[in-house]
Structure formats: structure tokens, C-alpha cells
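Worksheet: one structure, shown below.
These numbers come from a predicted model, not from an experiment.
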Amino acid sequence: MLELVDLTKRFKQQYAVKNLNMFIEKGEIIGLLGPNGAGKSTAISMMSSLVEPTAGDVRFNNNSILKKPAQLRKVTGIVPQEIALYNDLTAEENLQFFGRIYRLKGAELKRRMDEVLDLIGLKDRRKDIVKKYSGGMKRRLNIGVALLHDPELIIMDEPTVGIDPQSRNYILETVKRLNAERNITVLYTSHYMEEVEFLCDRIYIMDKGNLIASGTKDDIKRILSAEKTISIKADRLNEAFIKEIKEHPLVNNIQVEEKEITIMVAKEVNIFSTLIKMAEDASLELSSVAIKTPTLEDVFLHLTGRALRD
Amino acid sequence: MIGILFAKARQFIRNPWTFLIFTGMSIGFALIMGITGGSNAIRVPVTIVDEHLRDTTIMSELKASTSFDLQEMKKEEMLKHLKNGKAEVGVILKEENYQVIVGVDSVRVRMVENMVRQAYIHYYQQQNIVDAANMVSNKQKDLLLYDMEESMNDPVFTVDSKGFTSSDAVVYNPTFQVLFGFSLFFVIYTIAYNVLPILTEKNEGLWDRIILSPVKKWEMYVANMLYSFFEGYLQVLVIFLLFRYGFGVNFNGRFYDTLLLIIPYVFAVIALALLITALVKNVQQFNAILPIIAVSMAMIGGAYWPIEIVESNALIALSKINPLTYGMEILNGAVVYNYSIQHLLYPISILILMGVVMIGIGIHLMERRHI
Ligand SMILES: Nc1ncnc2c1ncn2[C@@H]1O[C@H](COP(=O)(O)OP(=O)(O)OP(=O)(O)O)[C@@H](O)[C@H]1O
Ligand SMILES: [Mg+2]
């Protein structure tokens with residue numbers, strides 16, 4: 001349905017997106033994952049015809065959209081990263097406005113508005129001014145606007161950023177439902193591995209403008225097959241211990257949190273006894289040491305040596 | 001496009017404060033300044049030494065002057081006024097003669113003196129005639145005076161002279177000056193704050209959303225400008241209507257013409273606002289720059305005071321690229337000087353040209369920067 005070919009965007013000397021290749025088939029939910037500044041939003045702007053690429057092509061149903069974006073625009077709904085709504089208008093008025101500019105009117109417009117309000121769960125708040133909405137409600141309406149013209153493809157740029165878990169779950173469920181019930185194709189962007197794991201069939205991972213991994217969830221986790229992830233927990237970590245682990249030659253990657261250290265080691269290495277000895281030397285009381293099943297988060301750590309979110 | 005206008009109108013109804021504040025300010029300032037500087041008469045403190053002067057033609061003649069506004073006060077007070085520079089010249093009126101006290105020597109001193117002398121001369125001419133006819137009865141005396149007045153009102157030939165500052169010489173009429181000046185000044189703000197959303201909505205991603213819809217980009221610019229025009233025009237309209245029908249300021253019979261003649265100015269200001277919006281990086285910069293531009297435009301364009309006061313050549317040159325200069329020129333030309341619209345075509349076309357150029361540059365810059 002949508003295909004990106006060596007898509008590149010350069011701002012001055014810096015590449016925001018470099019040679020990105022990607023495809024989306026009808027009915028899929030695709031995840032696009034990456035930390036801050038990975039180039040996700042830039043990629044989305046290019047594939048939705050808002051920004052002209054420096055190089056490469058975006059093809060929609062095998063036609064380049066660079067010169068003729070109309071076909072794509074008609075059937076695509078974009079959920080921008082920033083909330084793009086009229087704050088002084090009510091939810092209903094916002095929908096009415098965006099419906100009108102999509103040439104919807106009369107009974108048809110009303111039917112679509114009701115449907116969308118129902119879907120995003122804002123039916124009884126429809127007459128409230130957006131300014132007075134909670135962050136989660138604004139996010140929901142931000143999505144709702146993109147659904148108004150009944151798109152076949154929706155592209156969502158971090159639609160759950162900065163909201164409470166409840167609204168977040170609601171949004172995730174809604175996306176799943178849209179895909180399941182109406183066969184809407186979805187491109188979902190996020191920092192959150194767990195969201196992408198929950199939603200997506202296939203995943204693309206970007207970092208610093210480059211595509212660093214892609215495939216199904218299992219494909220990607222298989223990247224880790226040569227390694228295992230070990231989680232070390234303690235109530236109070238101390239510097240001496242962290243330093244020791246960091247300097248240990250068998251440890252490939254390390255991620256330190258407040259009460260937990262995650263490390264990666266080659267599959268065949270047995271490091272348990274060494275760890276316990278190091279803890280003793282640093283007079284640290286461990287609360288647990290365990291092998292974890294790898295997550296996408298771990299894949300990112302493996303690929304870049306950095307955590308997805310710092 | 002209708003949809004965009006509709007949404008704008010809705011936002012306006014929900015949030016009319018900018019509009020109301022600036023409309024209110026224009027009216028308020030025009031009223032306050034119009035009252036304090038209410039007439040263009042120069043104030044002259046007067047001390048009347050001889051009470052019986054009050055009933056003579058000297059007083060009535062002096063009071064009838066439109067160029068000077070007599071303010072009666074005690075001698076000490078008058079001297080204080082002169083010392084503080086509150087007045088340039090004072091007059092002490094006595095039975096047989098008068099005394100002009102000069103604080104600051106200026107053209108006005110001679111004008112005041114002239115006027116007072118004329119009043120005394122007229123009075124004594126009358127007195128002499130009456131005295132000469134004294135042998136007749138009182139009744140005849142009245143008749144004689146009446147005849148004399150009649151013949152003076154209907155002279156064989158007239159010499160029409162105009163005083164330098166008297167109102168029929170139309171050099172400077174503060175009512176219109178203040179009304180037009182503040183209307184044109186404050187409307188800059190209303191318009192600018194209606195053009196600003198082009199920037200904020202772009203930054204918020206609203207424009208991107210609209211661009212993806214079947215609405216064309218030029219429609220968005222046009223809709224925004226149309227709406228700004230509507231609000232700016234509405235503001236001037238409200239103010240002028242209020243002064244015309246509320247306060248009875250008659251626009252020298254050119255009221256409907258002025259409503260037509262402000263259109264080029266409003267258009268040029270929209271273009272200017274668009275250019276400013278294209279040049280600034282964010283709303284803070286916009287808020288900082290707008291008053292600087294608006295106030296300097298008002299100062300060198302003749303909104304606060306008559307443009308003739310501006311003397312520096314550099315400022316005069318600047319005033320030539322200032323839309324407000326031409327806005328004032330058009331309104332003053334129509335209402336004060338009673339020029340026909342054909343006579344005003346020059347400033348009108350300059351405003352339209354300025355508008356077209358600024359819109360062109362503004363949109364070009366904006367498109368290049370924000371894609
Ligand atoms: N208009 C622009 N001008 C210059 N640089 C830009 C511009 N837009 C983006 N960039 C740069 O391109 C890179 C990618 O930005 P982008 O917004 O695409 O990242 P992202 O993956 O969406 O990040 P986030 O998760 O924070 O939203 C960043 O380094 C950013 O600074
Ligand atoms: Mg982004």
C-alpha cells in the first residue's frame with residue numbers, strides 16, 4: 001500500500017532520516033520505534049506529503065506521491081505528535097470544522113461526528129471547550145479528527161505521549177479495534193516498546209536517522225538469540241559494584257536503573273557466581289538475579305548500547 | 001474556505017476581548033484627547049478689572065472668537081499661569097485700555113493683541129457714533145445702533161479673511177485628528193492579532209492538518225486575510241458609527257466616503273501584519289515587535305499629532321513608507337479638506353501597492369521557512 005524507497009531528509013548538514021526503506025501492506029499494524037530525535041516525525045511528514053524529501057521516494061499503491069499527493073491524502077488520516085486542535089472550540093465544533101474542510105456536510109457529517117465521538121469516548125463531553133479537556137481527552141480528540149473522513153490508512157505519531165495509563169489503554173484498544181473491525185491500516189510511532197509489542201505485526205526500529213532493525217516481533221527478538229539478558233536487583237546499588245560490572249570483559253551491554261541493573265552476556269557464558277562474588281566484594285546485598293525473556297527494549301539496548309528512553 | 005471563516009467567527013464570539021479592548025481604547029482615547037484638546041482654541045487667561053466691561057461689545061466680541069478661548073481669572077493667577085508656561089500670553093482688560101502680558105513671545109501674542117485691539121476699537125467707534133448722536137433720545141439711540149449693525153452685516157462689499165488658526169481655515173482640527181489617529185493606530189493591533197494565528201496555527205500543526213485536506217493553501221491565506229479584514233474593518237466601522245450617531249460628529253458630510261476610504265488602509269495593515277508574522281520566529285518576538293512598529297508608525301505617520309510637526313528629514317522619509325501616513329492623508333483629505341475621491345487616488349494606490357508587495361514578500365518568506 002505504502003512504500004518508502006531510500007527516503008532521506010537532510011537539514012543543513014544533519015541527516016534527520018537516512019535511506020529509509022519501509023513498506024506497509026493493507027490491514028497491517030506497523031510499529032515505528034525510536035528514541036528522541038530518531039527521525040520518526042520527519043519520516044512521517046515525508047510519507048504524508050507534508051515535507052519534501054531530500055532524496056528517495058514515497059510510493060502509494062505504486063505511484064509516487066511526490067508530485068501527486070492527492071490520492072494518498074484522500075484516504076490517509078494523520079495524528080500529529082503535537083495536539084493540533086482549536087482550543088477555543090468545543091470537541092463538536094472541532095470535528096465540524098475538520099469535517100467541513102473534508103467536504104462533509106449535513107446528515108453525513110453528523111453521522112461521522114457521532115461515530116467518531118463514540119469511538120473516542122467523548123460523546124458526553126462533546127459540548128465542552130477543548131481548553132478545558134484533560135491531556136488524555138485532547139489526545140483522544142486529536143485522534144478522532146484524523147478518523148473523521150473514514151481513512152483507509154492512519155499514521156499516528158506518538159499518540160499516547162504524556163497521558164495517564166487509562167487513556168493510554170483506551171487509545172491502544174481503540175487502535176486495535178479500528179484495525180480488527182474496519183481493516184484500517186495503521187502506522188504507529190512510539191518510544192514505548194510495550195505499546196508496539198502489544199499492537200504491531202511488524203516493527204521498524206530507527207535510531208539517529210537510520211533504520212537499525214526491522215521485521216516481525218519474533219524476527220527482532222531473534223536478534224538476541226546469541227545473547228541473554230540478566231536482571232540484577234538490589235535495594236541500594238552502589239558505585240563500586242556498578243563499576244565492577246561495567247569493567248567486566250564478558251558483559252556486553254549494561255543499563256542501570258535505580259534498583260535494577262540489566263546486562264547482556266553471550267548465551268553460553270555463566271556469570272552468576274561471578275556476579276555474586278562481585279556483590280560480596282562491594283558489600284552489596286542483592287535481592288535477585290534472574291534471566292529475563294528478551295523484550296524489544298533489550299533489542300534496542302543490544303543494537304545501540306543505549307536504553308530507548310533515558 | 002467558508003469552513004475556516006466559520007470557525008474564526010466562532011472563536012471570535014467566544015473570545016472577543018482583543019477586539020473589544022482595542023475598539024474601546026480607540027474610542028476612549030479619542031474621547032479623552034478630544035475633550036482635553038477639545039477645541040483648537042488657544043487659551044488666554046483674562047483679568048477683568050472693570051466690571052462694567054462685561055456688558056460691552058468688547059467682551060462679546062472676544063468671546064465670539066473661535067481662535068481664542070478666554071479664561072477669566074485673578075491677576076495673580078494669570079501671572080502664575082504665565083510663569084509656569086501654562087499660557088503664553090494674558091490680557092488685563094480695563095475701562096479705557098488693555099494690557100497684554102507676554103510670557104513667551106510668539107505669533108500668538110500678536111494675534112491676541114490684534115484681536116483685543118480690534119474689540120476695543122469697535123467698541124469705541126460705536127461709542128463715538130452714539131456720543132455724537134447724543135442729542136437724540138435713548139430710543140433713537142437704540143435704533144441707531146441697530147441700523148448700524150444691520151448695515152455692517154450687509155455690507156456693500158466684503159473682504160473675506162481667514163485667521164491663521166481659526167477653524168474655518170482648516171489647518172488642524174483636533175476632533176478628526178484624534179479620532180482618525182487613534183482609530184488607525186489601534187486597528188493595527190486588532191488586525192495583527194488576527195493575522196498572528198497563521199503563525200501559531202502553523203506551529204501547532206493545524207495548518208498541516210488543513211493542508212492534507214482538500215482545502216488549498218491559498219484558500220487558507222485568503223480566508224485568514226479576509227477574516228482579519230472583517231474584524232479590522234468592523235472595528236473602525238463601530239468607532240466611526242459611534243462618533244457619527246452617538247456623539248454627533250458630522251464628518252463634514254463625507255461619512256459614507258470615509259467608510260469606503262478606510263478599506264485600502266485596512267488592506268495595507270493586513271499585509272504589514274502578514275509580513276511581520278513572516279519575519280518573527282515566535283509569538284514572543286511578535287508581541288515585542290508589534291508595539292514598536294505600531295507606535296513608531298503612529299508617531300511618524302501623524303496619528304498622535306499632525307504630521308506637519310515631524311521635522312527630521314529621516315523621519316519624513318520613513319513616513320513615506322508608512323501606511324498610516326497615507327491612511328491619515330486619505331481621511332483628512334476627505335473629511336477636513338473635502339477632497340473628492342479622485343483627488344485621493346494617489347495615496348489610495350500607494351496603499352494598495354504596498355499591500356500587494358508586503359503580502360507577496362510575507363507569503364513567500366513564510367512558505368520558504370515553514371515549507
Ligand atoms: N525543521 C527542522 N529543522 C532542522 N532540524 C530538524 C527539523 N525537524 C527535525 N529536525 C532534526 O531531525 C532529527 C529528527 O527529528 P524528529 O522530530 O523526526 O525525531 P523523532 O523521532 O520524531 O523524535 P521524538 O521522539 O522526540 O518526536 C532531530 O535531530 C531534529 O533535531
Ligand atoms: Mg517525533
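The closest side-chain heavy-atom distance from A:Tyr102 to B:Pro214 is below 4.5 Å. Side-chain contact between B:Leu206 and A:Phe98 is present, with heavy atoms from C-beta onward closer than 4.5 Å.
Among all heavy-atom pairs drawn from A:Ser48 and B:Leu212, the shortest one is O-CD2, 3.1 Å.
Considering CG of A:Leu50 and CZ of B:Arg209, their distance stands at 11.0 Å, rounded to 0.5 Å.
Identified by a heavy-atom distance below 4.5 Å to chain B, contributing residues of residues 39-46 of chain A are lacking entirely. Among residues 72-86 of chain A, the residues having any heavy atom closer than 4.5 Å to a heavy atom of chain B are, in sequence order, A:Arg73, A:Ile78, A:Val79, A:Pro80, A:Glu82, A:Ile83, A:Ala84, A:Leu85, A:Tyr86. Scanning residues 111-138 of chain A against chain B with a 4.5 Å heavy-atom cutoff picks out A:Ile129, A:Lys131, ordered by number. Within residues 8-16 of chain B, the residues approaching chain A closer than 4.5 Å by heavy atoms are, in numerical order, B:Arg10, B:Gln11, B:Arg14, B:Asn15.
More than 12 heavy atoms of other residues, nucleotides or ligands sit less than 6.0 Å from atom OH of B:Tyr245. Counted within 6.0 Å of NZ on A:Lys68, heavy atoms from surrounding residues, nucleotides or ligands total 12 or fewer; the atom is thus considered open.
Ranking B:Gly205, B:Gly3, B:Ser213 against chain A, the residue ahead of the rest is B:Ser213, based on heavy-atom pairs under 4.5 Å.
Contacts between A:Ala70 and chain B at a heavy-atom distance below 4.5 Å are absent for every atom of the residue. Contacts between B:Ile2 and chain A at a heavy-atom distance below 4.5 Å are absent for every atom of the residue.
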